[in-house]
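Just so it is clear: chains get the letters A, B, ... in the order the sequence lines come, proteins before strands, and each one is counted from 1.
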Amino acid sequence: MEKNSRQLKIKNTLSRKKEVFEPINPPFVGMYVCGPTVYSDVHLGNCRTFISFDVIFRYLKHLGYKVRYVRNITDAGHLESDADSGEDKIAKKAKLEQLEPMEIVQRYTVDFHKVMDQFNVLPPSIEPTATGHIIEQIEMIKKIIENGYAYVVNGSVYFDVEKYAQENDYGELNGRKLEDLIANTRELGGQDEKRGPLDFALWIKAKPEHIMRWPSPWSVGFPGWHLECSAMSTKYLGEKFDIHGGGMDLIPTHHTNEIAQSRACNHTEPVNYWIHTNMLTVNGQKMSKSLGNSFLPHELFTGNHPLLDKGYSPMTVRFFMLQAHYSSTLDFSNDALNSAEKGYHRLMSAIVTLNKLQPSSETSNFNVQELKDKVYEALNDDFNTPIAIAQLFEGIRFINSVADKKATVSEKDLDTLKTLYHSIVFDVFGLKEEILEDNSELINGLMKIIIDIRLKARKNKDWETSDAIRDQLKELGIILKDSIDETTWTIQ
RNA sequence: GGUCGCGUGGCCGAGUGGCUAGGCAGUGGUCUGCAAAACCAUCUACAGCGGUUCGAAUCCGCUCGCGACCUCCA
């Protein structure tokens, strides 16, 4: 393999270029991803982001890096609007349902974990919560004030963007000029406390009716949304760490402000590589809660949604997402999901076939090493899973041909193939076998008896009986396949 | 309005200067009692116009269409 293709390259939002990945302290890698705000069910767009970063996490580990992956839970401070005057999302929901805010947080955190588990997303190394880090956030605000980048008004603390922008490039992540940003700011009510239109809250004094509140040097109140990520990433990954990720809709405000806060506090660029995932779309439009076109995971799994013909399994959906690059929009449709379902089954059954394969010759009539190189080349090129999958499908044709005795494979190549498919498909892509594995003695014994009876019927050309057995088993979800020398079965 | 991005064959979706992406669907064949699966072959492309180049889906310009952000959103 070329040395080039061995190196992992990452598209960095900061530079807008693909850069060779060089961790600060190899083999350690610090990665922070903005997690969910747990005030309602996760929708599928969120899931796409977490699945994308799960693959990135898995691949980095596969390459031998020791990754500390921090993904937060936002359980306070996320307001309804960015005017810093709206209600806290959690508190609002709590009021609506007459529950403690922490009951809301608990319910949707549990639900979130359950969905992540269904998608076979690995838990992060650390999953810190905003409410668990109020002290860290207060300390950070103190420093920012000391450094002169924040001011206090009526018990609330605001970040001074214009002051910051005098010495720093505020728009370095979103590529916009300060004047343009200011020119495009809408006049919003409730902003009278802010000096500049781009200033944002670090600490917000709680109104009397606000139920989520903590004491601070400035007021009894709560932290601003952007602050938690800066405080927690600094605490667990240091003032400067390797990778920060999230959905691309976080670029213009959340991540831009995160950088500003961190720099204002620690005087250093906090992140080397920014990775942003693109949106999931429905009929070409961004899937979002406010547009009402979002799917909940369980609606997708069960098919219980007006836009869906049927349900699709978590692994089908995961595979579907991996067939597109994380940085492209991905459009949701029944046709696309159906194709993905079939493709996923083709991949999985090829692995079952591969597991049973025996070396058939001293040589292989397929370049297995080249296949392996191409798969890694693809993944090293900014985690290009669609290309890697395409390569795996090239290999599947070979695997099936060997099984059909139309091609040969050497022992060494067979080993390489098995290792490649297992490590990429299961370890890196995080896919798993969904077909029910029931290898109990009883079932296997029963199936052998049934297949033997049917075999006799077939030898006697009693097609009526043999077809009846096959049809009735199919109704139970057991699929029989007659090949030349044997009949195999699978449970679906 | 400002900033940015996109437009690929029936559908999804890679690819950024010259070599078949891939999946699903279709067509023909092999295999098969049939079915399924599999294998082989094969069809449908690069929004439009102009430019650069020996050569462009790929670079540049214009036009048209779509989207994202600028308001909470992964």
Nearest whole angstrom, please: distance from the [atom2] of [N] to the [atom1] of [X].
X         : N      : atom1 : atom2 : result
Lys17(A)  : U16(B) : NZ    : P     : 17 Å
Leu337(A) : G23(B) : CG    : C1'   : 13 Å
Ile387(A) : G22(B) : CD1   : P     : 10 Å
Leu322(A) : G22(B) : CG    : C1'   : 14 Å
Met348(A) : G23(B) : CE    : P     : 17 Å
Asn334(A) : C12(B) : CG    : P     : 13 Å
Asn384(A) : G15(B) : CG    : P     : 5 Å
Ile451(A) : A35(B) : CD1   : C1'   : 15 Å

Taking any heavy-atom pair under 4.0 Å as a contact, classify [X]: base, sugar-phosphate, or nothing.
X         : answer
His43(A)  : base
Leu480(A) : base
Ala336(A) : sugar-phosphate
Pro252(A) : sugar-phosphate
Gly246(A) : sugar-phosphate
Gln391(A) : nothing

Spell out, as yes or no, whether a donor-acceptor pair under 3.5 Å connects the side chain of [X] to the backbone of [Y].
X         : Y         : result
Arg454(A) : Ser466(A) : yes
Ser156(A) : Lys205(A) : yes
Asn174(A) : Ile251(A) : no
Ser294(A) : Met287(A) : no
Asn72(A)  : Gly35(A)  : yes
Arg48(A)  : Gly247(A) : no

- Reading RNA chain B 5' to 3', how would its secondary structure be written in dot-bracket notation, given Watson-Crick and G-U pairs with both distances under 3.5 Å, brackets [ ] for crossing pairs and | for partners on other strands? (((((((..(((.....[...))).(((((.......)))))....(((((..]....))))))))))))....
Can you tell me, in whole Å, how much space there is between the [atom1] of [N] and that of [M]?
N      : M      : atom1 : value
A36(B) : U44(B) : C1'   : 28 Å
C46(B) : C4(B)  : C1'   : 23 Å
C59(B) : A41(B) : C1'   : 37 Å
A57(B) : A68(B) : C1'   : 24 Å
C49(B) : C12(B) : P     : 23 Å
U30(B) : G10(B) : P     : 29 Å
G18(B) : A74(B) : C1'   : 40 Å
G29(B) : G23(B) : C1'   : 22 Å

Proximity to the side chain of [X] - top-ranked nucleotide from [options]:
X         : options                : value
Leu250(A) : G15(B), C69(B), A74(B) : A74(B)
Leu330(A) : G13(B), A25(B), A68(B) : G13(B)
His325(A) : A74(B), C24(B), A14(B) : A14(B)

- Kindly determine whether Asp373(A) and Gln369(A) satisfy side-chain hydrogen bond (donor to acceptor under 3.5 Å, both in side chains), including the steps that lead there. CA-CA 6 Å; Asp373(A) 290 347; Gln369(A) 188 56 44; 3.2 Å; yes
- Task: May I ask you to say whether Lys310(A) pairs ionically with Glu341(A), meaning some side-chain N is under 4.0 Å from a carboxylate O?
- Result: yes
- Can Asp467(A) and Arg470(A) be counted as an ion pair, charged N to O under 4.0 angstrom? yes
- Please walk me through it: do Asp452(A) and Lys456(A) pass salt bridge (charged side-chain N to carboxylate O under 4.0 Å, His left out)? CA-CA 6 Å; Asp452(A) 283 348; Lys456(A) 271 183 198 163; over 6 Å; no
Would you tabulate the nitrogen or oxygen pairs shorter than 3.5 Å linking the protein to nucleotides 37-43 of chain B?
{"unit_1": "A38(B)", "atom_1": "OP1", "unit_2": "Arg346(A)", "atom_2": "NH1", "d": "3.4"}
{"unit_1": "A38(B)", "atom_1": "O3'", "unit_2": "Asn400(A)", "atom_2": "ND2", "d": "3.1"}
{"unit_1": "A38(B)", "atom_1": "O2'", "unit_2": "Asp404(A)", "atom_2": "OD2", "d": "2.6"}
{"unit_1": "C39(B)", "atom_1": "OP1", "unit_2": "Asn400(A)", "atom_2": "ND2", "d": "3.2"}
{"unit_1": "C39(B)", "atom_1": "OP2", "unit_2": "Arg346(A)", "atom_2": "NH1", "d": "3.2"}

- Do the side-chain N and O atoms of Tyr273(A) and Glu19(A) include a donor-acceptor pair separated by under 3.5 angstrom? no
- Task: Specify the residue among Ala324(A) and Thr49(A) whose closest nucleotide of RNA chain B lies further upstream toward the 5′ end.
- Result: Ala324(A)
- Task: List the steps and the verdict of side-chain hydrogen bond (donor to acceptor under 3.5 Å, both in side chains) for Asn278(A) and Ser327(A).
- Result: CA-CA 5 Å; Asn278(A) 214 320; Ser327(A) 65; over 6 Å; no
- Task: Only counting residues at least two apart or in another chain, list the ones meeting salt bridge (charged side-chain N to carboxylate O under 4.0 Å, His left out) with Lys418(A).
- Result: none
Any protein N or O atoms within reach of nucleotides 31-34 of chain B? Criterion: under 3.5 Å, listing atom names and distances.
{"unit_1": "G33(B)", "atom_1": "O6", "unit_2": "Arg458(A)", "atom_2": "NE", "d": "3.4"}
{"unit_1": "G33(B)", "atom_1": "N1", "unit_2": "Asp467(A)", "atom_2": "OD1", "d": "3.0"}
{"unit_1": "G33(B)", "atom_1": "N2", "unit_2": "Asp467(A)", "atom_2": "OD2", "d": "2.7"}
{"unit_1": "C34(B)", "atom_1": "O2", "unit_2": "Arg470(A)", "atom_2": "NH2", "d": "2.6"}
{"unit_1": "C34(B)", "atom_1": "N3", "unit_2": "Arg470(A)", "atom_2": "NH1", "d": "2.9"}
{"unit_1": "C34(B)", "atom_1": "N3", "unit_2": "Arg470(A)", "atom_2": "NH2", "d": "3.3"}
{"unit_1": "C34(B)", "atom_1": "N4", "unit_2": "Asp482(A)", "atom_2": "OD2", "d": "3.1"}

- Message: Are Ile396(A) and Tyr421(A) packed together at the side-chain level, in the sense that at least one heavy-atom pair is separated by less than 4.5 angstrom?
- Response: yes
- Fit a plane to each ring of Trp274(A) and His255(A), take the angle between them on a 0 to 90° scale, and name the class: parallel (under 30°), tilted (30 to 60°) or perpendicular (over 60°). tilted
Where do N or O atoms of nucleotides 1-8 of chain B meet protein N or O atoms at under 3.5 Å, pair by pair?
{"unit_1": "G1(B)", "atom_1": "N2", "unit_2": "Asn184(A)", "atom_2": "OD1", "d": "2.8"}

- Scan residues 383-403 of chain A for pairs that pass side chain to side chain donor-acceptor pair (under 3.5 Å), counting only residues two or more places apart or in two chains. none
